[in-house]
Amino acid sequence: MAGAKRVLLLCLCVAVVLVVLGSGGVEARKRGKQSLGFYELRRGEFSMVVTNWGATILAVRLPDKNGHIDDVVLGYKDIGSYVNDTTYFGALVGRVANRIAGGRFTIRDRAYHTYRNDGNNTLHGGHRGFNQVFWSVRERVTGEFPHITFAYRSYDGEQGFPGNLDVLVTYKIDGDYSYSVTMYARPLDKPTPVNLAQHTYWNLRGHGSGDVLGHAVQIFANAVTPVGVDLIPTGAVTPVAGTPFDFRAPAALGARIAQVEGGGYDINYVLDGETDGQGVRKVAVVSEAHSGRVMELWGNQPGLQFYTGNFLKGDQGKDGAVYAKHGGMCLETQDYPDAVHEPGFPAEVYRPGQLYKHYMLYKFSIKK
């Protein structure tokens, strides 16, 4: 019965989203009413702060095993540092997260060229992706389960992508120590690739507390999509067994990181855990012994980009923190990278009338 209720609730949510997405998310931008906002969502000792610049998560705060509250996500000290940022702290990235080889793809025999901001490739939607725009606030609800919904209309040709695209993201505190991220996108007039991702960097001991190499990590995946030159997938799917990418059982992040080419993890895992009636599965579990904090990630996407802050190089963060290499980790549920060029990967091209749906659920607990 509970499963049937969840499926019915999802169907109702999708119906509501279809109505909202069609209501003209570009109006505020046309009227020139862009304004910067900061919004706290709170339930007891658990809270998060988000902004409509890039639909970005700025802070997530919760207590440790001694009751001390820490902010466990990396971020900058002021909003100006997020402008033209290429680290993507807490950002909602798109229209296509991860890399597109050569900054080009073909749909229906028509070639499209996207902005190349990562050598010869497009990364996270181009140099002005969804993390570099103002989103409008579509809905904000306070109370027991506070949430906020941001909306953005990506225009035809933005960063080279075809067609107008309406996008929504909702951040919601679902329980005492849990929050969800729900992303929807609908093409309005042309087929287009869509692959959104939430790019938060985590350090469960507290942001700025050093590296995350002592965190224990478990990822529910038996395979990865290996990469070649410029971190572009080769098209293969290879087992993790017997490799440093094997996190099927909990293991210290730093135990085998020296064996990974490139100075750390930055690879897509092929998720294959059992799903519920909505296609949601357990993706990963991360724990940190000193604080006692544990984070579970659940989601409905086929892949997980696991990135260990390999390119952090003394970034100046909030509260006077300085983020060195491996100062945080990202766990980004997603479609497979460069799927537009790999027919064997799950398709990421959506057509008018189709709805892209991406759900993530974070559950935190304390182990004393």
Side-chain angles (χ1 to χ4, degrees), residues 1-14 17 60 92-94 97-98 169-175 177-185 194-200 202 204 215-226 233 237-241 243 245-251 253 265-287 293-307 329-337 339 342 344-348 350 354-365:
M1 179 64 70
K5 288 182 178 179
R6 290 182 68 187
V7 172
L8 176 59
L9 179 60
L10 178 64
C11 293
L12 290 172
C13 290
V14 169
V17 167
V60 175
L92 196 291
V93 296
N98 220 301
V169 57
T170 297
Y171 296 113
K172 179 181 180 181
I173 292 185
D174 296 270
Y177 293 102
S178 68
Y179 78 88
S180 60
V181 182
T182 306
M183 295 165 263
Y184 292 98
V194 181
N195 182 24
L196 307 180
Q198 220 302 317
H199 207 289
T200 292
W202 297 96
L204 295 185
H215 285 50
V217 177
Q218 183 177 18
I219 299 175
F220 296 90
N222 289 296
V224 294
T225 53
V237 174
T238 61
V240 297
T243 76
F245 299 101
D246 189 354
F247 286 97
R248 291 175 297 173
L253 175 56
Y265 296 95
D266 192 2
I267 198 164
N268 174 65
Y269 281 77
V270 177
L271 301 174
D272 51 16
E274 184 178 351
T275 61
D276 65 11
Q278 300 177 40
V280 176
R281 57 164 62 92
K282 183 183 283 190
V283 173
V285 179
V286 180
S287 61
R293 296 186 180 100
V294 180
M295 180 178 76
E296 291 184 10
L297 173 60
W298 297 67
N300 70 345
Q301 295 299 289
L304 171 76
Q305 189 75 17
F306 182 47
Y307 171 59
M329 72 175 80
C330 301
L331 300 107
E332 309 160 62
T333 54
Q334 60 177 4
D335 283 318
Y336 298 177
E342 298 294 345
F345 286 1
E348 67 178 12
Y350 289 78
Q354 293 182 311
L355 183 67
Y356 168 91
K357 297 167 285 187
H358 185 164
Y359 175 77
M360 308 173 75
L361 176 65
Y362 297 86
K363 298 179 179 179
F364 298 89
S365 58

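For the numbers below, each heavy atom of this structure counts, side chains included, while hydrogens, waters and symmetry mates do not.
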Review point. At what distance, to the nearest 0.5 angstrom, does CD of E332 lie from OH of Y307?
Key: 9.5 Å
Check your understanding: Is the closest side-chain heavy-atom distance between W298 and V283 below 4.5 Å?
Key -> no
Review point. Say you draw a straight line from NE2 of H199 to CG of L92; how long is it, rounded to the nearest 0.5 Å?
Key: 11.5 Å
Point to revise | K172 and T182: CA distance, side-chain angles, deciding distance, side-chain contact (heavy atoms from CB on, under 4.5 Å) verdict | key: CA-CA 8 Å; K172 179 181 180 181; T182 306; over 6 Å; no
**Study point:** Check: Y184 and L355 side chains under 4.5 Å, non-hydrogen atoms
**Key:** yes
Check your understanding: Do side-chain atoms of D276 reach the backbone of V280 as a donor and acceptor pair under 3.5 angstrom?
Key -> yes
Practice item. Applying side-chain contact (heavy atoms from CB on, under 4.5 Å), run through L196 and Y356 and close with a yes or a no. Key: CA-CA 9 Å; L196 307 180; Y356 168 91; 3.8 Å; yes
Point to revise | Residue pair N300 / H358: nearest heavy atoms and the distance that separates them | key: OD1-CA, 3.6 Å
Practice item. Verify the distance criterion only: is there a donor paired with an acceptor across the side chains of Q334 and N268 at less than 3.5 Å? Key: yes
Review point. Quick check: does any side chain N or O of N222 sit under 3.5 Å from a backbone N or O of D272, one acting as donor and the other as acceptor?
Key: no
Point to revise | Heavy-atom side-chain proximity of D335 to F345 below 4.5 angstrom | key: no
**Study point:** Exercise: identify the closest heavy-atom pair between S180 and Y359
**Key:** CB-CE1, 3.9 Å
Review point. So, for V237 and A223, which heavy atoms are closest and what is the spacing to 0.1 Å?
Key: CG1-CB, 3.7 Å
Exercise for review: For the residue pair Y362 and F364, categorise the inter-ring angle as parallel (less than 30°), tilted (30 to 60°) or perpendicular (more than 60°).
Suggested key: parallel
**Study point:** Gap between atom OG1 of T333 and atom CZ of R281 - 0.5 Å precision
**Key:** 10.5 Å
Revision key, fill the gap. From the list L361, L304, V286, side-chain contact (heavy atoms from CB on, under 4.5 Å) partner of L297 resolves to L304
**Study point:** Heavy-atom side-chain proximity of P302 to Y336 below 4.5 angstrom
**Key:** yes
Check your understanding: Within the side chain of Q198, is there an N or O that forms a donor-acceptor pair under 3.5 Å with the backbone of T200?
Key -> yes
Check your understanding: How far does CZ of F220 sit from CD of E296, to the nearest 0.5 angstrom?
Key -> 7.5 Å
Review point. Parallel, tilted or perpendicular: which describes the rings of F245 and Y269, with under 30° parallel and over 60° perpendicular?
Key: perpendicular
Exercise for review: Would you indicate whether the side-chain heavy atoms of L331 and M295 approach each other to under 4.5 Å?
Suggested key: yes
Exercise for review: Answer with yes or no after comparing the ring centroid distance for Y179 and Y171 against a 6.0 Å cut-off, counting only values under it.
Suggested key: no
Revision key, fill the gap. Residue set satisfying salt bridge (Lys or Arg N to Asp or Glu O under 4.0 Å) with D246, at least two apart, ordered chain then number -> R248
Review point. Do you know the tightest heavy-atom contact between A251 and F247?
Key: O-CE2, 4.0 Å
Practice item. Kindly give the heavy-atom pair with the smallest separation between I267 and P226, and that separation in Å. Key: CD1-CA, 4.1 Å
Review point. Under a 4.5 Å cut-off applied to non-hydrogen side-chain atoms, are Q305 and P337 in contact?
Key: yes
**Study point:** Exercise: identify the closest heavy-atom pair between Q301 and K357
**Key:** NE2-O, 3.2 Å
**Study point:** M329 and V217: CA distance, side-chain angles, deciding distance, side-chain contact (heavy atoms from CB on, under 4.5 Å) verdict
**Key:** CA-CA 10 Å; M329 72 175 80; V217 177; 4.2 Å; yes
